[in-house]
Chemist: 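Before I ask anything, here is the structure I am working with.
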Amino acid sequence: MAGDSEAKLERNGSMTLIRERAIPVACLLRVPLLVLLAGSFRRPSSKWIQEAAVGGTGKSMMPSLSFVCFTSSVALDRFLHGLLAAGFDEQSCLSRYQSVLYRKESPHVPSSYLVEKLRNYEALHKKCGPNTELYKKAVEQLKSDHGTQSTECNYVIWISYSGLGNKMLSIASAFLYALLTNRVLFIDRGFDMADLFCEPFPESSWLLPLDFPINEFDAFDMKTPKSYGNMLKDKVIGNGDDGTSTHSLPDYIYLHLSHDYGDYDKLFFCEDDQRFLRFVPWLLLRSNNYFVPSLFMIPTYEEELKHLFPEKDTVFHHLGRYLFHPTNSVWGLITRYHQSYLAKADERVGIQVRTFETDAGPFQYVLDQILACTQKAKLLPDASGQDTVVSTPKTKSKAVLMTSLNSGYSENIRNMYWEHPTVTGEIISVYQPSHEGYQQTEKQMHDMKALAEIYLLSLTDALVTSAWSTFGYVAQGLGGLRPWILFKPENHTAPDPPCRQAMSIEPCFHAPPFYDCKAKAGADTGALVPYVRHCEDMSWGLKVVDQNEW
């Protein structure tokens, strides 16, 4: 290594970690796999990424480098400031630590309290996870209809349901609930969850064991007799003032927190009901919502959430990067596409298009809205229509990544920038990985492509998303991006203004309760606390904001 800085080279499995102080130039000879440096972060050059991270089949990902030089002090913190734990077989999940090569360092640093809480949770999950004696004991109690006896381990089981974006949002919500209530999270593997995501917890699995005694999850819905709401309504269970039950407790309770849940189901978000639910060792949860905003309004959890997330609008950003690591197969889709089309550009702009029309499109008013928004936000230049603008070797290049079920929007924008020069002289390239035509929930390759596109969008420098789209919410959260949100068109007309920038990077809770638990009356839950506001794209939805800024 050249230069006068002090450096120390350490080995950790197949990874090489280099810690150094400020250096003007550093050159490395024959470095295997990743090179991670500590200091101030800048996005690695496309040349470095191309040489150092070859995303492929998952067998040979990062070849040895014969000679690499860095001209600035660079840091790639593969543990994300302690958010991620060590101790994994790194080759089994390349995305967990390689993602730092593709993403700018987040300005949002997880609190030391959150980091400690995650390490404590991992220890709990290892102690109570599959094949442990405590898990087997809890399952035996469940089978014997004595599931409410005192147990050392309590659980929340997430039931696989809805589209990929909804799944990721509801898993993150369920995990936060598990952190707040000292429960162990299991996820129903559904059709392809194990094919999409790596295990997030060391030395244990988050996948619900296949021999779990309750397995008819498809039958759970708003009419299920053992749902919390129905048992309250039918007076099968009841709460005392101290949260204890006035009836015998069931062996488990089903929590129906989907968009069609009823008023009794929504009492889940009340403090008295939370005190009652703590006595139930098994909670089965089905949701297609990001219900985190309503957890923020439960007084029992207020102080804990304050310590976990001093920046309140970073919940999904931190938990999403902690939980969701694409499997090697999906990571190959992501890295191959990024290197082929996006890596060499000076800037990357993501545009996510989702329409809710019955026809497939494309629609001219949606195209007009996209162009009006991107030009208003100064994300893309106007095409002048003149042929006198000449690009030079120093001309700035922008890669536009578009995701849509329809290819028409990207084709029109690509043709516009091909046929006409931009007024700024910038070179605009437009790419769209797939155009599936319609959403194909629970189809493996469709979901793999969807996850790859969500992740690619999260790697962009600026983002435009569509109103009401959970696909866009996940991308903005993972990337820590405040997107420009395209308002939902009405009457087949482009809205004016076409978009606005989001007030926070948090997703929107589409179906919140409108109930003041303390007053036991209907209320505007978007006006009860300063850090929960109505969403930009859905007037009745709720999202968490940082009250210091908004």
Side-chain angles (χ1 to χ4, degrees), residues 33-34 44 46 49-63 90-103 163-165 167-168 171 189-200 320-321 323-345 348-354 399-407 410 429-461 463 465 469-479 481:
L33 299 184
L34 295 182
S46 59
I49 294 178
Q50 288 168 341
E51 292 179 347
V54 179
T57 63
K59 297 179 180 178
S60 178
M61 290 292 151
M62 304 195 96
E90 296 168 6
Q91 290 299 307
S92 69
C93 184
L94 295 158
S95 66
R96 189 187 314 276
Y97 301 126
Q98 285 189 13
S99 63
V100 295
L101 291 171
Y102 295 84
R103 194 189 302 284
L164 181 60
K167 287 178 179 177
M168 296 175 72
I171 288 174
R189 64 192 70 207
F191 181 75
D192 58 4
M193 294 301 291
D195 299 316
L196 297 175
F197 301 108
C198 303
E199 295 280 1
R321 292 184 304 152
L323 291 170
F324 302 121
H325 307 288
T327 58
N328 287 352
S329 296
V330 179
W331 188 239
L333 294 175
I334 294 165
T335 54
R336 287 192 296 271
Y337 200 89
H338 191 278
Q339 293 315 307
S340 297
Y341 304 108
L342 307 177
K344 294 181 181 179
R348 283 151 285 274
V349 177
I351 302 176
Q352 181 259 335
V353 183
R354 174 69 191 273
V400 180
L401 173 71
M402 296 194 68
T403 66
S404 175
L405 294 172
N406 189 289
S407 63
S410 63
S429 304
V430 183
Y431 307 102
Q432 180 172 339
S434 72
H435 43 89
E436 300 285 278
Y438 62 95
Q439 186 169 334
Q440 302 167 49
T441 301
E442 302 282 296
K443 183 178 178 182
Q444 184 186 40
M445 182 50 69
H446 178 84
D447 282 350
M448 290 174 69
K449 289 180 179 179
L451 177 57
E453 292 185 6
I454 287 173
Y455 209 94
L456 285 165
L457 286 171
S458 78
L459 300 177
T460 57
D461 301 296
L463 184 61
T465 61
S469 175
T470 57
F471 194 101
Y473 295 159
V474 174
Q476 76 189 47
L478 291 177
L481 301 167

Chemist: I would like to know whether L196 and K167 meet side-chain contact (heavy atoms from CB on, under 4.5 Å); could you show each step before the answer?
Modeler: CA-CA 12 Å; L196 297 175; K167 287 178 179 177; over 6 Å; no
Chemist: Let me confirm one number: the CZ-CG distance from F197 to D192, rounded to the nearest 0.5 Å.
Modeler: 9.0 Å
Chemist: Decide side-chain contact (heavy atoms from CB on, under 4.5 Å) for V430 and M402; before the verdict, give the C-alpha distance in whole Å, the side-chain angles of both, and the deciding distance to 0.1 Å.
Modeler: CA-CA 7 Å; V430 183; M402 296 194 68; 4.0 Å; yes
Chemist: Identify the heavy atoms of M168 and F324 that sit nearest to each other, and give their distance.
Modeler: O-CZ, 3.3 Å
Chemist: Taking all heavy atoms of I334 and all of P326, pick out the closest pair and write down the distance.
Modeler: CD1-CG, 3.9 Å
Chemist: Quick check: does any side chain N or O of Q432 sit under 3.5 Å from a backbone N or O of S404, one acting as donor and the other as acceptor?
Modeler: yes
Chemist: Can you name the side chain to side chain donor-acceptor pair (under 3.5 Å) partners of Q352, sequence neighbours left out?
Modeler: S469
Chemist: Say you draw a straight line from CD of E453 to OG1 of T403; how long is it, rounded to the nearest 0.5 Å?
Modeler: 5.5 Å
Chemist: Could you tell me which non-hydrogen atom of L401 sits nearest to which non-hydrogen atom of L457, and how far apart they are?
Modeler: CD2-N, 3.7 Å
Chemist: Among all residues two or more places apart in sequence or in another chain, which pass the side chain to side chain contact (heavy atoms under 4.5 Å, CB included) test with L481?
Modeler: T460, L463
Chemist: Applying side chain to side chain donor-acceptor pair (under 3.5 Å), can you list everything that pairs with R96, at least two apart in sequence or on another chain?
Modeler: none
Chemist: Please identify each residue that fulfils side chain to side chain donor-acceptor pair (under 3.5 Å) with T470, with sequence neighbours left out.
Modeler: N166
Chemist: Go through the steps to decide whether R348 and L456 satisfy the test side-chain contact (heavy atoms from CB on, under 4.5 Å), and finish with yes or no.
Modeler: CA-CA 10 Å; R348 283 151 285 274; L456 285 165; over 6 Å; no
Chemist: Between V400 and I351, what is the shortest heavy-atom contact and its length?
Modeler: CG1-CD1, 3.7 Å
Chemist: For residues L478 and R103, report the shortest heavy-atom separation together with the two atoms involved.
Modeler: O-NH1, 3.6 Å
Chemist: Return the CZ to CG distance between R189 and D195, rounded to the nearest 0.5 Å.
Modeler: 10.0 Å
Chemist: To the nearest 0.5 angstrom, please state how far the CE atom of M448 sits from the OG atom of S434.
Modeler: 12.5 Å
Chemist: Does a side-chain heavy-atom distance below 4.5 Å link Y455 with L333?
Modeler: no
Chemist: Quick one: does any side-chain atom of R354 pair with a main-chain N or O of F471 as donor and acceptor, under 3.5 Å?
Modeler: no
Chemist: I would like to know whether L101 and T335 meet side-chain contact (heavy atoms from CB on, under 4.5 Å); could you show each step before the answer?
Modeler: CA-CA 10 Å; L101 291 171; T335 54; over 6 Å; no
Chemist: With no hydrogens and no angle check, is any side-chain donor or acceptor of N328 less than 3.5 Å from a backbone partner on Q91?
Modeler: yes
Chemist: How would you list, by chain and number, every residue that makes a side chain to side chain contact (heavy atoms under 4.5 Å, CB included) with Y341, sequence neighbours excluded?
Modeler: Y337, Y431
Chemist: With sequence neighbours left out, write down each residue that passes side chain to side chain donor-acceptor pair (under 3.5 Å) with S99, or none if nothing qualifies.
Modeler: none
